[in-house]
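This report refers to the structure that appears directly beneath it.
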Amino acid sequence: MDAIMALCKRRGFVFQASDIYGGINGFWDYGPLGAQLKKNLREAWWQDMIMNPAWGRKGPNGERVRCVPLETCIIQHPKVWEASGHVAGFNDPMVDDKETKGRFRADHLQGLYQIGDYESPLADLLARTASTGGAVPVCTVVASSAGEAIDQLLNTRKLQKELGIRTITSRTPLTDSTRPFVSVDMGNLKADCEVLAVPMPTLKSRFAEVPSPFTGKKGVLTEPRQFNLMFFTYTGAVFNEESKVHLRPETAQGIFVHFKNVVDSTRVKIPFGIGNTGRSFRNEVTPRNFTFRSREFEQAELEFFCHPDESQDWYRFWRDFRMEWWRSIGLAGENLILREHEKDELSHYSCGTSDVEYRFPFTAPGFGELEGIAHRGNYDLTQHQTHSKVKLDYFDTTRGETLPNGSKKGERYIPHCIEPAAGLDRGALALICEAYTVDPSRPSPEFLKLHPRVAPIKAAVFPLVDKDGMPEVAEKLADALFARFGRHGFIETDAKQSIGKRYARMDEAGCPYCFTVDGDTLKDQTVTVRDRDTGRQERIGLDAVPAWLGERLGL
RNA sequence: GCGGGUGUAGCUCAGUGGUAGAGCGUCAGCCUUCCAAGCUGAAUGUCGCGGGUUCAAGUCCCGUCGCCCGCUCCA
């Protein structure tokens, strides 16, 4: 990875943001080649997802896939993030165990509150109420619910031992009551306890007395601290709570917010998709691994809306296409996998999520996420409908029973949504990592096997030597290539130094083809073309070069 | 946020408290008819940043920032 990072800097793919001031943690800039590489990646996505979705392939409904673009603001109304769940989800106060360095969400701390002596009659327990206000629990455990806490306590010997529990038995009545009781023997304390979440005021005021969920020790916990995972700023001149706005943590919400506007303005019919690319911001706790986890990053997201009955088919369609797409631009090897999420990994509203994952040098032998393809149900539109009080359902005139006049009665529903959400910075990094090749047998061992479609330098034109009329011919050829391919990437020319050195430079920059004007060119109007990956050369007519290159670049 | 490592030229790295170094790369000239060739020359550094100790600090001490690794987190 160090070698890849060195090459990225040396050749101008990636620089550290604010480099001359020592850099700023979690932010990276793209140099000339990186900027063009990422632009090529973004445009490939735009082309294959929106303008000609899925390469013109028919969807599961047998029809051409239809998508439209959208471009939405980084700053949205604060209620957007309430509706999406980001404000709640990104703002959880955390507690640290200073001794074990363990950290957990404050609202996930479950406490055992003494409510009676050891093994008291159940009726007595039911009659009492645990005082969680001022009291501190005798023991704690990290779990998202009291039930889960009891599960852990009963079934994990190791945890029992660490917390100093000798025996523990569940006293939870098998009635409709959901009050969770346990009888616990901790040696110096035998008690009946009710299991309840430790309230925030207790954690804040008496955190030193609350036992650690990892060791049972007191005085090792910090008070709950806010880790703001969303960036915020202020609108207008006055800085106060009312003027506070967030920088978006994802581009997708901009799409849901405009679902109705797009339907009303474009004559799109379900099923269809809306694509959106742009910067998003997350105040990551630990930015790490080069550009992989940055605080400012770019996403390319498609929200594909369809009828609930067809959603599973569309989910599989996009999942498989997205995998194929990444393969098509150069991530063709074993380093790319599609991983279906386990049931317990899914969000509560999702009935299927897959990740396209790449084996980065820093994740190996594991994988890192490039893109998530999620079946989001109708969660987002429903949330926005509830919070905005604007109807976000869709009237589908192709459904419902057939009327006497032959038309359909129609059906009103909130569409389901399939979301392929890709990280462009992660994509660009994966392309570089996959392309990075070291072949000690070559004169220039280090090179980038970038796919021609994404390569920032599309071709180079060299005179073999800088004399005898060769530079003039090369210049003319370069002009022709520039006119035709200049808008897709760089066309390089270079006449200085040895031809080997010039080839080597192009190899490192990932330029797929070099055209060289030599002595024979002047006689028979042919040039050599050198293939970056094999080093092999063939000779083609000078006039044929633009067409030859166009074919290789797919342009 | 915690712990460990690290920071010297564009890159990779040497450097014992006493003049700032090498290789590669870059640039210029010569040479050169296909793979980082050769010759000659040149530019490039607040030694991450800020304090301190010292006659003297790249070197020792303190702080801070960045990067890497391990925790933690990861819609």
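Fair warning: this is a prediction, and the values are worked out from it, not measured in the lab.
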RNA chain B in dot-bracket form (Watson-Crick or G-U pairs under 3.5 Å, [ ] crossing, | inter-strand) is (((((((..((((....[..)))).(((((.......))))).....(((((..]....))))))))))))....
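Atom P of nucleotide B:rU46 and atom OH of A:Tyr21 are separated by 14 Å, given to the nearest angstrom. Put simply, NZ on A:Lys9 is 14 Å from P on B:rC13, counting in whole angstrom units. Rounded to whole Å, the distance from CG on A:Leu7 to C1' on B:rC11 is 10 Å.
A cation-pi arrangement is absent between A:Arg339 and A:Phe367 under the rule of less than 6.0 angstrom and at most 45 degrees off the ring axis.
The two residues A:Gly489 and A:Gln36 make their nearest non-hydrogen contact at CA-NE2, 3.8 Å.
With respect to A:Asp355 and A:Arg322, no salt bridge is recorded, no charged nitrogen being found less than 4.0 Å from a carboxylate O. Taking the charged nitrogens against the carboxylate oxygens, A:Glu357 and A:Arg426 have no contact shorter than 4.0 Å, which rules out a salt bridge. With respect to A:Asp425 and A:Lys38, a salt bridge is recorded, a charged nitrogen being found less than 4.0 Å from a carboxylate O.
Here, B:rU40 and B:rG50 have their C1' atoms 44 Å apart, quoted to the whole Å. The separation of B:rC68 from B:rC62, taken at their C1' atoms, amounts to 24 Å, rounded to a whole angstrom.
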Whether each nucleotide of nucleotides 20-39 of chain B has a protein heavy atom under 4.0 Å at its base (B), only at its sugar-phosphate (S) or at neither (-) is summarised, 5' to 3', as ------SS-S--BBBBBB--
Interface polar pairs with nucleotides 68-70 of chain B, N/O, under 3.5 angstrom:
residue : atom : partner  : partner atom : Å
B:rC68  : OP1  : A:Phe290 : N            : 3.0
B:rC69  : OP1  : A:Asn289 : OD1          : 3.4
B:rC69  : OP2  : A:Asn289 : OD1          : 3.4
B:rC69  : N4   : A:Arg288 : NH2          : 3.4
B:rG70  : N7   : A:Arg288 : NH1          : 3.3
B:rG70  : O6   : A:Arg288 : NH2          : 3.1

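You'll find the side chain of A:Val527 stays beyond 4.5 Å of the side chain of A:Asp518, heavy atoms only.
Contact annotation for A:Gly26: backbone-only contact, meaning every heavy-atom pair under 4.0 Å involves sugar-phosphate atoms and none involves a base.
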